[in-house]
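What follows is a short report on a single structure.
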Amino acid sequence: MLKPTKLAKNNFLSSLDLSTNEVLNILELANNLKNKKLNIELNNKVLGLIFDKSSTRTRVSFQIAMTRLGGSTIDLNPSTSQIGRGEPIKDTARVLSRYFDAIAIRTFDHSDLEEYAKWSTIPVINALTDLEHPCQALADFLTIHEEFIDFKNVILTFIGDGNNVANSLILCGALLGVEVRIACPKGYEPNSLVIKKAYEIYKNKDLLKITNDPYNAVSGANVLYTDVWSSMGEENKKAEKDKSFDGFTIDNNLVSKAEKDAIILHCLPAYRSKEITDEVFESNKNRIFEQAENRLHVQQALLSCLLY
Ligand code: CP
Ligand code: NVA
């Protein structure tokens, strides 16, 4: 019978904290949870949420996932707890480890997340940092799997900023053997260490391509994916980034260069007429909102493996 399996690593800070088999197991669990073929009980476990940045999907999907598992969450607002007044992470982490069963953290510097993990004795989950968004990548690959079943024949083209979402797609894509192409303006390429690690995993080095040409990148692609041009924390760079990303909008013209049955994904929130036109968004809304729903199912599966 399908059941959660204990993960080799205690934390989920990066897509690379999972093995290929662990990702596949989480996707299968998520699919079964989604289709109500599986029920998992965690007996009153409590997940702490520390969000230094805004969130709709990640926060709520973690809350609902814990409720469905028979557990609960406590949302620690950094500005009304001592976190916002500068209590050292190493103290916060050691105290919270005595209350919670796991903590999900959304913050800026990835090194702060690693500092929490270093001092915590409970699992720490990356709910987005400037470097990675690994929970999002799990939901994205569940959505892709629902459409194409076999990852081996899929070409995924990400058009946009090579930061957190793109970095996790690259790493999770490498684990699953999916061809990933990133099209971004010069200077916005994905993290070089992420690219290096992905090349180490891919058996076929041709499966990862970084380019500054969106038209070239979408040719033959089955999945087109985009994210906001200005991420949280980059509000003051909006004008400069809008200029740099001119020509990187997913519009009907770009979509027409991809495979006929290509699907469009977006991690959300979406900004129309920037990274995607309203027309393309609305004609692909069902799958984009399915992708958002899948956040809940993969996180429920992930939590069940981390806490079982
Ligand atoms: N995609 C995503 O992480 O959404 P939120 O910022 O709303 O959590
Ligand atoms: N790159 C975006 C993702 C939002 C889910 C950001 O960091 O704001």
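Indexing begins at 1, ligand by ligand and atom by atom, following the structure's order.
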- [ ] Check each atom of ligand 1 against the heavy atoms of His133 and keep those under 4.0 Å away; list them by number with element.
- [x] 2 (C), 3 (O)
Task: From Lys203, Lys196, Lys197, residue fulfilling salt bridge (Lys or Arg N to Asp or Glu O under 4.0 Å) relative to Glu200 - done: Lys196
TODO: Return yes or no for this condition: an N or O of Arg59 is under 3.5 Å from an N or O of ligand 1.
DONE: no
Open item on the list: Using a 4.0 Å cutoff against the non-hydrogen atoms of Gln136, which atoms of ligand 1 qualify?
Closed with: 1 (N), 2 (C), 3 (O)
Task: Over 12 non-hydrogen atoms of neighbours within 6.0 angstrom of CG in Asp246 - done: no
Task: Electrostatic pair Glu275-Lys241, nearest N-O below 4.0 angstrom - done: no
Open item on the list: Angle between ring planes, Tyr188 versus Phe245, binned at 30° and 60°: parallel, tilted or perpendicular?
Closed with: tilted
- [ ] Kindly compute the distance separating NZ (Lys9) from CD (Glu22), expressed to the nearest 0.5 Å.
- [x] 9.0 Å
Task: contact_flag Arg106 ligand 1 heavy-atom lt 4.0 Å - done: yes
Task: Parallel, tilted or perpendicular, as decided by the 30° and 60° cut-offs, for the rings of Phe281 and His266 - done: perpendicular
- [ ] Mind telling me whether Phe151 and Phe141 have parallel, tilted or perpendicular rings, with 30° and 60° as the class edges?
- [x] perpendicular
TODO: List, by chain and number, the other hydrophobic cluster members for Leu296, where Ile, Leu, Val, Met, Phe, Trp and Tyr join if side-chain heavy atoms come within less than 4.5 Å, directly or indirectly.
DONE: Val60, Ile64
Task: ligand 1 to Leu268 polar contact by distance, N or O atoms, under 3.5 Å - done: yes
May I have the N/O to N/O pairs between ligand 2 and the protein that fall below 3.5 Å, each with atom names and distance to one decimal?
| unit_1 | atom_1 | unit_2 | atom_2 | d |
| --- | --- | --- | --- | --- |
| ligand 2 | 1 (N) | Asn164 | OD1 | 2.9 |
| ligand 2 | 1 (N) | Asp227 | OD2 | 2.7 |
| ligand 2 | 1 (N) | Ser231 | OG | 2.8 |
| ligand 2 | 7 (O) | Asn164 | ND2 | 2.8 |
| ligand 2 | 7 (O) | Ser231 | OG | 3.4 |
| ligand 2 | 8 (O) | Met232 | N | 2.8 |

TODO: Just need the protein heavy atom nearest to atom 2 (C) of ligand 1, so name the residue and atom and give the distance.
DONE: Arg295 NH1, 3.3 Å
Open item on the list: Checking a contact table here: which protein heavy atom is nearest atom 4 (O) of ligand 1, and how many Å away?
Closed with: Arg57 NE, 2.9 Å
Task: Residues Glu87 and Arg85 bridged, charged N to O under 4.0 Å - done: no
TODO: Would you check whether Cys267 has a nitrogen or oxygen atom less than 3.5 angstrom from a nitrogen or oxygen atom of ligand 1?
DONE: yes
Open item on the list: Could you identify the single nearest non-hydrogen protein atom to atom 7 (O) of ligand 1 and state the distance to 0.1 Å?
Closed with: Thr56 N, 2.7 Å
Task: Tyr308 side chain near Leu7 side chain, heavy-atom distance below 4.5 Å - done: no
